[in-house]
Undergrad: 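Dumping the structure here so I can ask a few things about it.
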Amino acid sequence: MKHYETLSIPEATCLQRQLRERLDIEERELSVRLIGGADISLNLYSSTIYAGIILLSFPQLQPVGWSLVQAETRFPYVPGYLAFREVPALVDAWRQLAVKPDVLVIDGHGIAHPRRLGIAAHFGVETGQPSIGCAKKLLTGQYHEPGLLVGDHTPIMAGTEQIGHAFRSKSKVAPVFVSPGNLVGLNNSLEIIQQCKGRYRIPEPTRLAHELVNRFRRGEVAAGTQ
DNA sequence: GCGACAG
DNA sequence: ATCTTGTCGC
């Protein structure tokens, strides 16, 4: 992985198709004791990004550590190519972790992507790490609105292929979109996110990661690990 | 050609 | 993604 900053969109598309071949989203038995949440924060019009990964005990969901990294991005935000902008910094934060989580939840989509390689799938293939994508908005595919109660869910379809789940993480509030990154199946990812429920719409891993990187950007927390 | 479009 | 107070509804 490299030169992301200098890739053209056609070249990036080619790399996505290549990485997609290495995806493994078979269902499997997962024993999660440590779960991670990853997110990015930035100032509008700035090329500086603040990346972070927070570690939580599972299923208790208590913060036990984190990794924060500041970096520069050249790649612009283009729907469908978010990974080329954020993955490099996230990988830096990832490598800085002394202990790796059993699964990492990333803010964005997994396979619920035009070429089945959203940021969570991209990160998962590049690192060989089990990952899940959890987004606040749909990028591609169709779904029927799930029931209004917590836990209700419906499949996200791309033609006849299921690429994720629309999941009601909080009653009467907009659903979140969950899809496999790498090394987890459609049901595996939904089951894990169902156990990450706190009192907010956004599942704890991603919500706490978002809170962490924002404090980092404002200078309230220093770069590094803990 | 038209509309949609993660963060 | 980020800038922001109050306010409506359960």
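Just so it is clear, the structure is predicted and the values come from calculations on it, not from any experiment.
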Undergrad: CG of A/Leu56 to CG of A/Leu208: how many Å apart, nearest 0.5 Å?
TA: 5.5 Å

Undergrad: Please map the stems of DNA chain B, keeping only stretches of three or more Watson-Crick or G-U wobble pairs with both distances under 3.5 angstrom.
TA: none

Undergrad: Enumerate the side chain to side chain donor-acceptor pair (under 3.5 Å) contacts for residues 129-139 of chain A, please, sequence neighbours excluded, ordered by first and then second residue.
TA: A/Asp107-A/Lys136

Undergrad: Do any N or O atoms of the protein come closer than 3.5 Å to N or O atoms of nucleotides 3-6 of chain B, and which pairs are they?
TA:
| unit_1 | atom_1 | unit_2 | atom_2 | d |
| --- | --- | --- | --- | --- |
| B/dA6 | OP2 | A/Tyr77 | OH | 2.6 |
| B/dA6 | N7 | A/Gly80 | N | 2.9 |
| B/dA6 | N6 | A/Gly80 | O | 3.2 |
| B/dA6 | N6 | A/Tyr81 | N | 3.2 |
| B/dA6 | N6 | A/Leu82 | N | 3.2 |
| B/dA6 | N1 | A/Ile119 | N | 3.0 |
| B/dA6 | N3 | A/His109 | N | 3.2 |

Undergrad: Tell me the closest heavy-atom pair linking A/Gly36 and A/Pro101, and the distance in Å.
TA: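 Shortest heavy-atom contact: N-CB, 3.6 Å.
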
Undergrad: Who passes side chain to side chain donor-acceptor pair (under 3.5 Å) against A/Thr140, sequence neighbours left out?
TA: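 Per chain and number, A/Thr140 pairs via side chain to side chain donor-acceptor pair (under 3.5 Å) with no residue.
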
Undergrad: Quick one: stems for DNA chain C, with Watson-Crick or G-U pairs under 3.5 Å, at least three in a row?
TA: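 Output for stems: empty, none.
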
Undergrad: Near A/Arg74 CZ, under 6.0 Å, is it more than 12 heavy atoms from other residues, nucleotides or ligands?
TA: no

Undergrad: Check the distance between C/dA1's C1' and A/Glu72's CD and give it to me in whole angstrom.
TA: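 Computing the A/Glu72:CD to C/dA1:C1' distance gives 16 Å.
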
Undergrad: When you measure from the side chain of A/Ser189 to the backbone N and O of A/Ile132, does any donor-acceptor pair fall under 3.5 Å?
TA: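 Looks like no, no N/O pair under 3.5 Å.
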
Undergrad: Near DNA chain B, counting only heavy atoms under 4.0 Å, which residues of residues 199-225 of chain A show up?
TA: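 Within this stretch, nothing sits under 4.0 Å of the strand.
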
Undergrad: Does atom NZ of A/Lys170 have more than 12 heavy-atom neighbours from other groups under 6.0 Å away?
TA: no

Undergrad: Considering only residues two or more places apart or on different chains, which pairs with a residue in residues 58-69 of chain A satisfy side chain to side chain donor-acceptor pair (under 3.5 Å)?
TA: A/Ser67-A/Gln96

Undergrad: Residues in ring pair (Phe, Tyr, Trp, His ring centres under 6.0 Å) with A/Phe216, at least two apart?
TA: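 Checked A/Phe216 against ring pair (Phe, Tyr, Trp, His ring centres under 6.0 Å); matches are A/Tyr50.
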
Undergrad: How are the rings of A/Trp94 and A/Phe123 set to each other: parallel, tilted or perpendicular (split at 30° and 60°)?
TA: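 It falls in the perpendicular class, over 60°.
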
Undergrad: Taking DNA chain B as the partner, which of residues 162-196 of chain A come within under 4.0 angstrom of it by heavy atom?
TA: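 By residue number: none to list.
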
Undergrad: Determine whether a donor-acceptor pair (N or O, by modelled atom type, separation under 3.5 Å) exists between the side chain of A/Glu27 and the backbone of A/Leu186.
TA: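 At least one qualifying donor-acceptor pair exists.
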
Undergrad: Looking at A/Ile49, A/Ile40, A/Asp39, which one forms a side chain to side chain contact (heavy atoms under 4.5 Å, CB included) with A/Leu90?
TA: A/Ile40

Undergrad: Which distance, rounded to the nearest 0.5 Å, do you find between the CD of A/Gln195 and the CD of A/Glu204?
TA: 13.5 Å

Undergrad: For A/Arg168, enumerate each residue passing the salt bridge (charged side-chain N to carboxylate O under 4.0 Å, His left out) test, keeping only those at least two apart in sequence or located in another chain.
TA: A/Glu145

Undergrad: For A/Tyr81 and A/Thr13, which I'm curious about, is there any donor-acceptor pair between the side chains at under 3.5 Å?
TA: yes

Undergrad: Residues of residues 37-48 of chain A with any non-hydrogen atom less than 4.0 angstrom from an atom of DNA chain B: list those, numerically ordered, please.
TA: A/Asp39

Undergrad: Tell me yes or no: between the side chains of A/Asn188 and A/Arg28, is some donor less than 3.5 Å from an acceptor?
TA: no

Undergrad: Under the ring pair (Phe, Tyr, Trp, His ring centres under 6.0 Å) test, which residues partner A/His210, sequence neighbours left out?
TA: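 None.
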
